*Asks:* 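The structure's right below; bear with me while I get my questions together.
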2 protein chains.
Amino acid sequence: MAKQPADGRYRVVIEQVSPEVDCGRFAIKRVVGETVTVEAAVFADGHDHIACRVLYWQGREECRSSPMKPLVNDRWRGEFTVNNVGQYQYTVEGWIDRFLTWRSALEKKIAAGHDVAVDLLIGIELIEGAATRAAGGDAALLRGWVDRLLQGKNKPSGAKLALDEELFRAMQRYPERNLATRYEKNLTVIVDRQKAEFSTWYEVFPRSCSPEAGRHGTFRDCEAWLPYIASMGFDVVYLPPIHPIGRAFRKGKNNWEVTQQNDVGSPWAIGSTEGGHQSIHPELGDLEDFRRFISQAAGHGLEVALDIAFQCSPDHPYARQHPEWFRKRPDGTIQYAENPPKKYQDIYPLDFESAQWQTLWKELRSVFQFWIDQGVRIFRVDNPHTKPFSFWEWVISDLKEQYPDVLFLSEAFTRPHAMYRLAKLGFTESYTYFAWRNTKQELTDYFSELTQTEVREYFRPNLWPNTPDILTEFLQVGGRQAFMVRLILAATLGASYGIYGPAFELCENAPLRPGSEEYLNSEKYELKHRDLHMAGTLKDLISRVNHIRKENLALQSNRNLRFHQTDNTELICYSKASDDLSNVIVVVVNLDCINTQMGWVQLDLASIGLDADHAFQVHDLLSDARYRWQGSRNFVKLEPGSLPAHILRVRRRIRSERDFDYYE
Amino acid sequence: MAKQPADGRYRVVIEQVSPEVDCGRFAIKRVVGETVTVEAAVFADGHDHIACRVLYWQGREECRSSPMKPLVNDRWRGEFTVNNVGQYQYTVEGWIDRFLTWRSALEKKIAAGHDVAVDLLIGIELIEGAATRAAGGDAALLRGWVDRLLQGKNKPSGAKLALDEELFRAMQRYPERNLATRYEKNLTVIVDRQKAEFSTWYEVFPRSCSPEAGRHGTFRDCEAWLPYIASMGFDVVYLPPIHPIGRAFRKGKNNWEVTQQNDVGSPWAIGSTEGGHQSIHPELGDLEDFRRFISQAAGHGLEVALDIAFQCSPDHPYARQHPEWFRKRPDGTIQYAENPPKKYQDIYPLDFESAQWQTLWKELRSVFQFWIDQGVRIFRVDNPHTKPFSFWEWVISDLKEQYPDVLFLSEAFTRPHAMYRLAKLGFTESYTYFAWRNTKQELTDYFSELTQTEVREYFRPNLWPNTPDILTEFLQVGGRQAFMVRLILAATLGASYGIYGPAFELCENAPLRPGSEEYLNSEKYELKHRDLHMAGTLKDLISRVNHIRKENLALQSNRNLRFHQTDNTELICYSKASDDLSNVIVVVVNLDCINTQMGWVQLDLASIGLDADHAFQVHDLLSDARYRWQGSRNFVKLEPGSLPAHILRVRRRIRSERDFDYYE
């Protein structure tokens, strides 16, 4: 026998609820103060009117609701705002709107001159029902209506009384929901603090912060850099792993297999006799120095992000204390990392297929816990796609349950499904393919996918023009101009972006060899000593761009990106706007690092709240120049050697006086 | 604490499985012999190779499997064929392919000249593991390989031996699946007999089948029509309700509210003192006559479809015996049907919100059961969208559990979400918006939606150019030519279609009044007497078209429809092809009923298995003319007054001899 429902009288159907990621298996993401717009197809059999609402609640608090309004074709939309960090649940509820159904029919019957005496009795029953549900003065109000309708029911005017607007509004407040259908799933929103969406990262190797060439830098040395980093407008300072570095198979300069006496090794070869993932490399300082660094950074408006790389040097204490967490080869040795034919004998990967996976998971969670206890609230996770997805899902949700303000950046430089899966299962934000999207078409396609499809519900991009592992061909070939182009793209296409400095602002672009994306004399394997104030540094441009980001709400969100056509393939144009369109930024970038490019941009005026009839001003926040534009087609010319882009704030004309226009 | 999985070592992830309707809430549909092609994104952390397969099973039978092959970007595809009526389940399973991972690494290491002695030992362990899982001779075969590799492991040739193809194939037969991930849902296919997809319906009122004008026709009279109906190539004869017709508020001719003495009433006003939904209108005959009619129809290759309309005349026995199944008004009367300001006092709708809904559901199920017991296997359900969706879901699945060969056609002339919902929840096939899709753009958009989107997984269209309720403006205005156009469109765009006859083949097209889709002197309210062999009847065209449908596999499925461009908006061109492309039909229709239209069709040759280099023949199965075509662009001219369409069978050239081409 097929199963009957517990009650077959529920007539409303709810389907196609959005946003909903993978059938509700995963949460959507928002930051505090953002809105969740919920849509659904809601309908019933027959011709009755229906009504529906969004239900939402946080934790064990009481359920709140927000009414949904009809769109076309049985679709409804409602919304709610998330004001607290943590998790919210939401769902949709729909019911037959009996009073509206009755009222609409009555209206037609009165117009057709029918006898509606019995209809009025039906309406009175509905009002009596609502009166029993009503609170405060409404109960009396509705009972008053019952009396009035009973008195007037045999007069022609009595029927019209039943169509009264005040009565209708009162009835809408107390619908009969005893057979309301609730959507079968509770969906989840993870709400993060604003930095999850809008942040500006600076990656720095503290060991290269020494004022003296050749001496290993310390946290104290790095403290001296904080004013410099803060002055450029960054708000996150991200440190590569700060743990003791292994000695076994240590890599030399430029990743050579032979080391010199004074080679410092890679910070990602974690663990030595001096400790593992919960220890600090002694040459950087001690735990107290680190805590002091965090507090000094905070004084400059900078949060410290730590790199978490779950892999071990052969010298890591785990290798001795927990050989069961590693894969053993038939000859009794521990399996080192490989990408055949390449061998990485300085790295032991953890074996997540170990029978002791539970103790391993617990230990790895304790690594995060340890650094949280030191005051760290942002983690950049190295290569998460080489550890099981189920581990990340558990460890992130377990940590965020206790510390909902902690953020996790996924370094998922892997194929799209895996990159997106990591975002779905809990990573707050993610590295992207931005570094390799260079042409107008590539940028348009990729950022449309990230911001205009379902991906935006769970994936927050964090754009990096360079990293210690990635010196793109574009930067190698295009020189300083290329660094400016990529900086402006990163900072305006993404609400979050970061640079690996000072390599970036100093425009370091020598590759290890032609065709390689590795830096020559990479900082991953040696100390660096740089002149932060050398000629040609981009620090002033970076400061200005980051200042523009802070001043303009439009640049602090990813959901509002829109591309506009240009008639030149080297000119890309896009806009970002605040939800209320009060802050609109139009960006035009010359992607050609060598030649002057000019052409017409074709603005989608409606999308940025403008019309063709009124002139407006575009105020270039980079150069401070102002241009009078009107209509969708406007001319742009950008010359290399000067700024490669306009970051234009749209200013509407507010009045004209004596042939002079004033703009907001 | 966030929940840990029972076992954290499952590394493969399976997502985006298709086909999957509404997160697996509903089944997909197939007919016997069809294939289910399953796709999924399957991937794991890290760089290991993976493998996956489709699992499928029917009822309690053992699970079978079919391997999946990789597409691009971590997507995999597999398929299975459904050979039995009923339900199948399917899902996807994926695992780390340890041997392939090992083998690929070994290959690279050998090429790089590494010492692979320890690697060989690892491989030998894998082979030993497979040997314990192997059946029959394979166990010995694999053990033989273990011995061979052990002997050769220190020789250079020993390593290469491990790359042997035979060994690889044997290992692929016994993968280690102890940590295989199974997709979290079991998905369902409902498999129907072929008629669910491919059927040709003829709707006839038996009461109009009398050979004498003015006498009420009977099942016996209707038997005499069976050869006529069968000769036109139909395989379903569909009867409007055959139950006793109510007297109270009986509607007169043309739906008048006053009746004459001899008015026969509407067959949809069901129930009188003579019985209800399980009785036969005495003027048609008795139950024995009906059973005889079914068997006579079968003798002509015709199945009988019954109309099930769950509504009652005020005279229906239910109204007395089960007043609890109706809504009572405050004045004690039963609520009649309304569409304010219209009243339908001859109809009492059933109240599905009745507290006694369970006894009502049971009774309604028994109506289907009764007619199934008489031998009926096809039901056309009247206005299902005015009864609760949950009722249909239960009653259809409950009946199909016992009678999987029963088919249900949904008369869901309502908004799209409700129409599709009824299909999802179990209706075998559905009426469509075809009757109101007239232009090339409308037809292309609508049939692309039905056949090229997810809709095709659960919604089987049944196309009706007319019904007793629908005489479209196109038919009213376009005359006989319009009937030909709509017949050919219905019969070739849809694998299932039907006509309401003889109104259709006799091209009856007088509306009740201008702007109405009701027939003048509609058969719904009076007896008709017609000359089936009058001049101008389309019966020969219908016979030919239905013959073409029977002869050409391409026209028996909906999934293979593809539109081709033409340079004339009045010429629509589309093709259908069998899966193996051995049967390809190209249809070109002149949608203009008045003017000659000509133009170039632009065939998508690849989609129909042709190339631009070889001429082919198109054989018009309507006119028997043959044309030599080559390349994608070919000229067509269609004149009203003759046939409004080509139904072209593509015939490939098989040889040329003495300047003469032979085609298949």
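A, B, ... follow the sequence lines: proteins, then strands. Residue 1 opens every chain. Basis for what follows: all heavy atoms, side chains included, without hydrogens, waters or symmetry-related copies. Because the structure is predicted, anything quoted here is derived from the model rather than measured.
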*Asks:* At under 4.5 Å between heavy atoms, what parts of residues 392-400 of chain A are in contact with chain B? List them by residue number.
*Replies:* A:Trp394, A:Ser397, A:Asp398
*Asks:* At a heavy-atom separation under 4.5 Å, does B:Gln402 approach chain A through its side chain, its backbone, both, or neither?
*Replies:* neither
*Asks:* Under a 4.5 Å heavy-atom cut-off, does chain A meet the side chain of B:Phe352, its backbone, both or neither?
*Replies:* backbone
*Asks:* Hey, is CZ on B:Arg415 packed in by over 12 heavy atoms from elsewhere, all under 6.0 Å?
*Replies:* no
*Asks:* Measure B:Val13 against the heavy atoms of chain A and call it side chain, backbone, both or neither at under 4.5 Å.
*Replies:* side chain
*Asks:* Do you know the tightest heavy-atom contact between B:Asp45 and A:Thr386?
*Replies:* OD2-O, 3.6 Å
*Asks:* What is the distance from atom CD1 of A:Ile122 to atom CD of B:Gln335, rounded to the nearest 0.5 Å?
*Replies:* 5.5 Å
*Asks:* Closest heavy-atom contact between B:Asn73 and A:His417?
*Replies:* O-CD2, 3.1 Å
*Asks:* Which heavy-atom pair separates A:Gly8 from B:Ser390 by the least distance, and what is that distance?
*Replies:* O-OG, 3.5 Å
*Asks:* Examine whether an atom of B:Asp7 lies under 4.5 Å from a heavy atom of chain A, and if so say whether it belongs to the side chain, the backbone or both; otherwise answer neither.
*Replies:* both
*Asks:* Tell me, out of A:Pro340, A:Ala111, A:Ser104, who's got the most heavy-atom pairs with chain B below 4.5 Å.
*Replies:* A:Pro340
*Asks:* Side chain, backbone, both or neither: which part of A:Glu107 has a heavy atom under 4.5 Å from chain B?
*Replies:* neither
*Asks:* Relative to chain B, which segment of A:Ala44 carries a heavy atom at a distance below 4.5 Å: side chain, backbone, both, or neither?
*Replies:* backbone
*Asks:* Of the listed residues (B:Lys342, B:Arg25, B:Lys387, B:His47), which shares the most heavy-atom pairs with chain A below a 4.5 Å separation?
*Replies:* B:Lys387
*Asks:* Is A:Glu184 in contact with chain B via its backbone, its side chain, both, or neither, using a 4.5 Å heavy-atom distance?
*Replies:* side chain
*Asks:* Do you know which of B:Lys109, B:Arg329, B:His114, B:His385 has the most heavy-atom pairs under 4.5 Å to chain A?
*Replies:* B:His114
*Asks:* What part of B:Lys362 gets closer than 4.5 Å to chain A, counting heavy atoms only: side chain, backbone, both or neither?
*Replies:* neither
*Asks:* Atom NZ in B:Lys108, atom CD in A:Glu338: separation rounded to 0.5 Å?
*Replies:* 10.5 Å
*Asks:* I'd like to verify something: which residue of B:Ala105, B:Gly113, B:Ala112, B:Pro330 has the highest number of heavy-atom pairs under 4.5 Å with chain A?
*Replies:* B:Pro330
*Asks:* With a 4.5 angstrom heavy-atom cut-off, could you sort out which part of A:Thr333 is near chain B: side chain, backbone, both or neither?
*Replies:* neither
*Asks:* Please report the closest heavy-atom contact between A:Cys23 and B:Lys185, naming both atoms and the distance.
*Replies:* SG-NZ, 3.5 Å
*Asks:* For residues A:Glu15 and B:Lys424, determine if any side-chain heavy atom of one lies less than 4.5 Å from a side-chain heavy atom of the other.
*Replies:* yes
*Asks:* For B:Thr414, is it the side chain, the backbone, both or neither that has a heavy atom under 4.5 Å from a heavy atom of chain A?
*Replies:* neither
*Asks:* Could you tell me which non-hydrogen atom of A:Trp361 sits nearest to which non-hydrogen atom of B:Gln4, and how far apart they are?
*Replies:* CE3-NE2, 3.8 Å
*Asks:* What distance do A:Tyr420 atom OH and B:Gln16 atom CD have between them, rounded to the nearest 0.5 Å?
*Replies:* 10.5 Å
*Asks:* Decide, yes or no, whether a salt bridge links A:Glu353 with B:Arg98 under the criterion of side-chain N to carboxylate O below 4.0 Å.
*Replies:* yes
*Asks:* What heavy-atom pair brings A:Glu401 and B:Ala2 nearest, and what distance separates the two atoms?
*Replies:* OE2-N, 3.6 Å
*Asks:* Report the distance from atom CZ of A:Arg421 to atom CZ of B:Phe43, rounding to the nearest 0.5 Å.
*Replies:* 5.5 Å
*Asks:* Please examine the side chains of A:Arg9 and B:Pro388, heavy atoms only from C-beta on, and report whether any two atoms are closer than 4.5 Å.
*Replies:* no
*Asks:* Relative to chain B, which of A:Glu125, A:Glu20, A:Lys343, A:Gln358 shows the most heavy atom pairs under 4.5 Å?
*Replies:* A:Lys343
